[in-house]
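Numbers here simply count residues along the sequence, with the first being 1.
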Amino acid sequence: MRKQLIIFLLAMLTPLLAHSDVIFPAPLKAGDRIAIVAPSGHVERHYVDEAVQVIREQGYEPVVYPTVDMHTGQFSGTKQQRLADLRSALTDPSIRAVLCARGGYGMVHLLDSLATLDLAADPKWVIGFSDISALHALLSSKGIASIHSPMARHIGRGMNHYENQSLFRILRNDFPAYNFEPHPLNHTGDAEGKLLGGNLAVLQALIDTPYDIIQPGTILFIEDVDEPVYKVERMLYQLKLSGVLGKLNGLIVGQFTGYKPDPNHASMEAMIAEVLSDYPELPVAFNAPVGHVEANLPLVESSTVRLHVSPTRVTLRPR
């Protein structure tokens with residue numbers, strides 16, 4: 001009996017020791033409440049209603065906050081209204097996860113106010129991507145894991161989509177391993193480190209702030225939408241000139257969508273490969289299914305992962 005107890009305790013403690021510097025929110029259980037907030041841009045209500053149905057079908061109680069129905073300029077509500085909703089969701093002990101309904105712009109307005117909260121005392125899983133990358137960066141600065149993931153519109157498509165299946169697996173403390181197709185621009189190699197990243201333009205705007213997550217030793221993932229090739233090149237050159245690009249443990253290049261043809265480069269990927277040509281030893285995986293695309297795989301920010309890039313496959317798995 002004693003031996004069985006020791007084995008049980010070791011099984012419970014091993015994940016905690018592997019991420020000893022990171023706080024992971026508790027796994028969700030049946031009946032837990034998931035807040036749905038709109039901390040950035042205005043969201044179309046029907047997307048939220050469809051996500052609500054899926055959340056209910058998964059055994060959880062969705063709680064829709066007022067900003068979901070607000071529309072102030074390009075934002076959902078005013079700065080004060082958006083802050084009030086997000087603060088309430090993040091500090092309500094009955095809420096176990098917070099789904100950001102959509103991105104857009106505006107999360108940066110709330111960072112300093114949210115930073116004053118003791119979010120580590122009762123952490124919730126925060127879900128979202130795009131502009132929500134700024135919120136993930138804040139949580140990372142406090143040592144709290146979060147989920148870079150599809151939001152209301154994608155969740156509402158239902159559970160026959162692998163990315164939604166993966167999201168709810170993560171919420172239940174079952175972190176998936178992913179296999180990506182190889183890409184001719186990849187840099188082969190193996191890396192281990194803390195997984196951090198998101199929308200490149202959002203993250204680049206946080207450099208040299210308390211929420212700067214582009215740091216040496218990390219496995220960084222990046223994506224973006226509607227950014228010209230030259231602007232992305234300029235962002236990458238900032239990372240190169242600062243010295244941080246060459247000090248990453250690994251790089252995952254997600255989807256860069258909605259850009260126009262560029263006279264200087266055949267594609268966005270070709271430009272990125274040229275910038276990375278000075279770092280042949282840096283493991284790099286191109287064309288990862290992450291970003292403003294239908295198949296946007298959820299990634300656990302601040303988790304420790306292993307990246308393997310070979311000529312025949314790419315794997316990303318929790319440590």
Side-chain angles (χ1 to χ4, degrees), residues 33-56 60-92 94-117 119 123-140 144 146-157 164 167 171 198-203 205-206 209 211 223-227 257-258 291-294 296 298 301:
R33 306 175 86 213
I34 298 179
I36 304 178
V37 298
S40 299
H42 166 69
V43 61
E44 295 182 36
R45 178 61 195 242
H46 70 93
Y47 290 138
V48 174
D49 291 339
E50 291 161 0
V52 161
Q53 181 176 345
V54 173
I55 291 169
R56 284 198 179 117
Y60 306 117
E61 179 186 348
V63 182
V64 179
Y65 277 64
T67 46
V68 164
D69 292 315
M70 293 180 182
H71 195 169
T72 304
Q74 73 184 87
F75 308 112
S76 56
T78 65
K79 174 183 173 180
Q80 291 74 21
Q81 290 167 332
R82 290 181 285 124
L83 177 61
D85 262 17
L86 195 49
R87 181 196 288 127
S88 175
L90 291 170
T91 58
D92 183 340
S94 74
I95 296 294
R96 303 320 312 155
V98 179
L99 169 62
C100 298
R102 68 157 293 199
Y105 172 68
M107 190 65 238
V108 70
H109 300 157
L110 314 182
L111 294 183
D112 281 346
S113 296
L114 294 173
T116 64
L117 303 177
L119 299 177
K124 298 93 166 54
W125 280 116
V126 171
I127 304 161
F129 81 110
S130 190
D131 192 53
I132 309 305
S133 298
L135 181 54
H136 292 309
L138 165 65
L139 292 167
S140 176
I144 303 170
S146 56
I147 309 174
H148 183 278
S149 165
M151 297 180 284
R153 183 172 72 86
H154 293 85
I155 292 172
R157 297 186 304 160
N164 289 342
L167 170 60
L171 291 174
N199 182 270
L200 181 58
V202 172
L203 299 181
L206 297 176
T209 74
Y211 321 110
E223 63 84 24
D224 220 318
V225 62
D226 295 336
E227 290 288 351
T257 54
H292 290 73
V293 289
E294 293 303 306
N296 177 23
E301 302 256 12

- [ ] Mind running side-chain contact (heavy atoms from CB on, under 4.5 Å) on S76 and V43 for me, showing each step along the way?
- [x] CA-CA 7 Å; S76 56; V43 61; over 6 Å; no

TODO: Under the side-chain contact (heavy atoms from CB on, under 4.5 Å) rule, what do L138 and L114 come out as? Steps first, then yes or no, please.
DONE: CA-CA 8 Å; L138 165 65; L114 294 173; 3.6 Å; yes

Open item on the list: Contact between Y211 and D112 at the side-chain level, heavy atoms closer than 4.5 Å - yes or no?
Closed with: yes

- [ ] Determine the minimum heavy-atom distance between A101 and V48, stating which atoms define it.
- [x] CB-CG2, 4.1 Å

Task: Minimum heavy-atom distance M107-P39, with the two atoms named - done: SD-CB, 4.0 Å

Open item on the list: For a quick test of reading the model, state the closest non-hydrogen atom pair linking T72 to Q81 and the distance between them.
Closed with: OG1-OE1, 4.4 Å

Task: Approximate separation, where rounding is to 0.5 Å, of R87 CZ and L110 CG - done: 9.5 Å

TODO: Verify, without hydrogens or angle tests, whether T67 (side chain) and A38 (backbone) share a donor-acceptor contact under 3.5 angstrom.
DONE: yes

Task: Backbone N/O of G106 and side chain of D131: donor-acceptor pair under 3.5 Å - done: yes

- [ ] Output yes when a side-chain donor or acceptor of S88 lies under 3.5 Å from a complementary backbone atom of D85, and no otherwise.
- [x] no

Open item on the list: For the CG atom of L83 and the CG atom of L117, what is their distance to the nearest 0.5 Å?
Closed with: 8.0 Å

Task: Nearest non-hydrogen partners of L111 and A134, listed with the distance - done: CD2-O, 3.5 Å

TODO: List the steps, then state whether side-chain contact (heavy atoms from CB on, under 4.5 Å) holds for C100 with L135.
DONE: CA-CA 10 Å; C100 298; L135 181 54; 4.1 Å; yes

- [ ] State, with a plain yes or no, whether a side-chain heavy atom of V293 is found less than 4.5 Å away from one of E223.
- [x] no

Task: Point-to-point distance, once rounded to the nearest 0.5 Å, from CE of M151 to CD1 of I127 - done: 11.0 Å

TODO: Indicate the atoms forming the closest heavy-atom contact of G198 with L203, along with that distance.
DONE: N-CD1, 3.5 Å

Task: Donor-acceptor contact present, side-chain R82 to main-chain G77, <3.5 Å - done: yes

- [ ] Mind checking the OG1-CD spacing from T257 to E227? Nearest 0.5 Å is all I need.
- [x] 10.5 Å

Open item on the list: Return the CD1 to NE2 distance between I144 and H136, rounded to the nearest 0.5 Å.
Closed with: 12.5 Å

Open item on the list: Please report the interatomic distance CG(L139) to CH2(W125), rounded to the nearest 0.5 Å.
Closed with: 10.5 Å

Open item on the list: So which atom in N199 and which in S130 form the shortest heavy-atom distance, rounded to 0.1 Å?
Closed with: CB-O, 3.6 Å

- [ ] Look only at the side chain of N164 and the backbone of R157, and say whether a donor-acceptor pair between them is shorter than 3.5 Å.
- [x] no

Task: E294 vs H154, side-chain contact (heavy atoms from CB on, under 4.5 Å): CA-CA, chis, key distance, verdict - done: CA-CA 7 Å; E294 293 303 306; H154 293 85; 4.0 Å; yes

Open item on the list: Before we go on, tell me: are the rings of F129 and H292 under 6.0 Å apart, centre to centre?
Closed with: yes

TODO: Using the test ring-ring contact (aromatic ring centres under 6.0 Å, His included), find all partners of H109 that sit at least two apart in sequence or belong to another chain.
DONE: F75, Y105

- [ ] Can you sort out the partners of D49 under salt bridge (Lys or Arg N to Asp or Glu O under 4.0 Å), two or more places apart, ordered by chain and number?
- [x] R45

